[in-house]
Amino acid sequence: LEGVRLDYDTADHITRLTLINSLDSINKDIAALQKKTDLKDHEKEDLEYDQKYRESLLIVIRYYSTPSEMVELKASS
């Protein structure tokens, strides 16, 4: 956006919250697939992809978080 200015801390905070929102969403998707007893092939692929995506999100969230924020994040998951 032209003309919009944010300091680095605010931009990092917005980024972190957006990533956490994505993590919450992917955790729900994973839980829903894990509850199913007989997954179709495409659902198995989705689950595998979602689990990899979750791990990637955690790596990036860790970059934007302090150690205590990561502990809080794991406690709330």
Practice problem: For residues Leu39 and Glu43, report the shortest heavy-atom separation together with the two atoms involved. | Solution: CA-OE1, 3.5 Å

Quiz prompt | Least distance between heavy atoms, Met70 atom then Leu58 atom | solution = CE-O, 4.3 Å

Quiz prompt | Single-linkage hydrophobic cluster, 4.5 Å side-chain cutoff, Ile61 and Val71 together | solution = no

Quiz item: Are Ile20 and Tyr63 co-members of a hydrophobic cluster defined by side-chain heavy atoms under 4.5 Å apart?
Solution: yes

Quiz item: Under 4.0 Å between a Lys/Arg side-chain N and an Asp/Glu carboxylate O for Glu48 and Lys52?
Solution: yes

Quiz item: In Å, rounded to the nearest 0.5 Å, how long is the span from OG of Ser56 to CD of Gln51?
Solution: 12.0 Å

Practice problem: Treating Ile, Leu, Val, Met, Phe, Trp and Tyr as nodes and any side-chain heavy-atom pair under 4.5 angstrom as an edge, say whether Leu73 and Val60 lie in one connected cluster. | Solution: yes

Quiz item: Roughly how far apart are Asp29 CG and Tyr49 OH, rounded to 0.5 Å?
Solution: 11.0 Å

Exercise. Please determine, by modelled atom types, if Thr10 and Asp7 share a side-chain donor-acceptor pair under 3.5 angstrom.
Key: yes

Quiz prompt | Approximate separation, where rounding is to 0.5 Å, of Leu57 CG and Glu55 CD | solution = 9.5 Å

Exercise. Find out if a path of hydrophobic residues (ILVMFWY) with successive side-chain heavy-atom gaps under 4.5 Å connects Tyr8 to Ile14.
Key: no

Self-check item: Heavy-atom check, side chain of Gln34 versus side chain of Ile30, under 4.5 Å
Solution: yes

Quiz prompt | Nearest-0.5 Å distance that lies between atom CG in Asp50 and atom CD in Glu45 | solution = 11.5 Å

Quiz item: Can you get from Ile26 to Ile59 by hopping between Ile, Leu, Val, Met, Phe, Trp and Tyr side chains that sit under 4.5 Å apart?
Solution: no

Exercise. Determine whether Asp46 and His42 make a side-chain contact, defined as any pair of heavy atoms from C-beta on separated by less than 4.5 Å.
Key: yes

Quiz item: How long is the gap from CG on Leu17 to OG on Ser22, to the nearest 0.5 Å?
Solution: 11.0 Å

